[in-house]
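Predicted model only: the values in this text are computed from it and were never measured. Quick note: residue numbers are just sequence positions, from 1. All ligand and atom numbering here is 1-based and tracks the order in the structure.
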Amino acid sequence: MTKLWNSSNKKKTNPLVERYTAGTDHVFDMLLFPFDIEATLVHARGLKKIGILSDAESRKIEKALAAFSRDVVAGKVQITIADEDCHTVIENFLVRELGDTGKKVHTGRSRNDQVLVAVRLYMKHALSAIRSHCLELADLFLAQAKRYEKLPMPGYSHTQQAMLTSVGHYFASYVESLLDDETFLASISDHIDKNPLGSAAGFGTAISVDRAFTTRELGFESIQMNSLYCQTSRGKFESAFLEGLSQVSVTLSRFANDMLIFTSQEFGYFSADEVITTGSSIMPHKKNLDPLEIARGAAAILLGNQVAVKELSRNLISGYNRDLQLIKKPLFESTQLVSDTLAVVGIVLRHLTPDKDRIRAALNPGMFTADIANDMVMTAGMPFRDAYQKAAGMVATNVDLAHNLSSKRSIGAPGNLCLPAYAARIRSRRKILH
Ligand code: ARG
């Protein structure tokens, strides 16, 4: 395949050097195609606007890109190591189809701003997809929270039984966590919503590209102005994106860890349907919750990837450096992992059933001493510290669990989950997203 930087008097690159520098772009750039095509289309429209392409030429380019896009969707396009990346494949296609007209497309742009804009469009797209997955999962947790609103379970601090709570209260904590993760992702989406196209290799261009036009056409909120900063923001924007994703993965990892413990033989608070478990090749009785172990591990990968991306970009001389290409693997891998984990946790959640009797049998009566102390405060007007001393060592008998739960009325407490507020929040976030 013709390299974009080939000239007739250049010696052929050593094959190992070629493979080494192309790296995994031939795999991961497949995901960038739709966005690179879109940006190329808009760039061509911009060239027409400033008179570099005629109407007829620009129409030809639009048609060719539409055909190319269909080929990509149909799986007919592959990137080879010799191609280097998706940008080369698109340009070679246009030159093959349109000759000189195809050659004009690269006027006023560099692969450096081309990859920036494609990755940025990819991230914006991924953020809205992941945000909608977060809302879906929050909705599912909400349904479970409603269903088990009044089912008592022990609440823990320091891994010791602390106070009575409910399965609904526990599930609702994940509704709110996912809702916060979603708004955090939205703020990251706003932060990165800046158009780097037109910054060329990092130092602008003498071609009078209309950056305001391409910004509008590509649906960016604003222009990322300083052309050098466009380059130096590569890695910073990606790691901000990964920070958002890793917040989601931390939420899911905590849930996974809880459930791995709560479904163990020792706890038995929940049972897992066989459709979400795997077996052991040697121990016939085993029902393992592997998907949640992968979900927990995914958070570790996300954190590692975020650090890798920051490391890759923090100490480069200002401008483009090929190191930046290595950001793509952690970026795409993390996006896929978080999307998949959100979907899988949803499936798991649907197939977990609380075991009322096991939970009840596990309740430790010592857990109610704080309630006894609070009772003394409320009924006898005793100062809490004195009530605490008096209650220590008392053992509550015949506790009315339902009454105990419903007595905790402060906002967000087990007796006042405020579930309708979450339902309203999910509805309004969905509206914003669509
Ligand atoms: N594959 C390259 C990357 O992701 C594209 C940019 C190439 N630019 C260059 N000057 N070699 O970074």
Applying a strict 4.0 Å limit to heavy atoms, is Val115 in contact with ligand 1?
yes
Hey, does Glu136 have a side-chain heavy atom less than 4.5 Å from the side chain of Ser132?
yes
Compare all side-chain heavy atoms of Leu401 with those of Arg360 and state whether any distance is below 4.5 angstrom.
yes
Which of these, Asp323, Asn112, Thr21, has its nearest heavy atom closest to atom 8 (N) of ligand 1?
Asn112
Under the side chain to side chain donor-acceptor pair (under 3.5 Å) criterion, do Ser110 and Asp113 qualify, and how do the steps go?
CA-CA 6 Å; Ser110 152; Asp113 63 339; 4.6 Å; no
Could you tell me whether His26 approaches ligand 1 through its side chain, its backbone, both or neither, with non-hydrogen atoms closer than 4.0 Å?
neither
Between Lys328 and ligand 1, find which residue part has any heavy-atom pair under 4.0 Å and reply side chain, backbone, both or neither.
side chain
What I want to know is whether Arg322 and ligand 1 share at least one N or O pair that is separated by under 3.5 angstrom.
no
Could you say whether the N/O atoms of His87 and ligand 1 ever approach to under 3.5 Å?
no
Return the set of residues passing side chain to side chain donor-acceptor pair (under 3.5 Å) with Asp323 (not counting sequence neighbours), or none when no residue passes.
none
Where at least one partner belongs to residues 177-200, residue pairs that pass salt bridge (charged side-chain N to carboxylate O under 4.0 Å, His left out), sequence neighbours excluded
Lys124-Asp193, Arg131-Glu182, Asp180-Arg425, Glu182-Arg429
Apply the side chain to side chain donor-acceptor pair (under 3.5 Å) test between Asn305 and each candidate in Ser246, Ser334, Ser239; give the one that qualifies.
Ser334
Any atoms of ligand 1 less than 4.0 Å from a non-hydrogen atom of Arg234? List them with their elements.
3 (C), 4 (O), 12 (O)
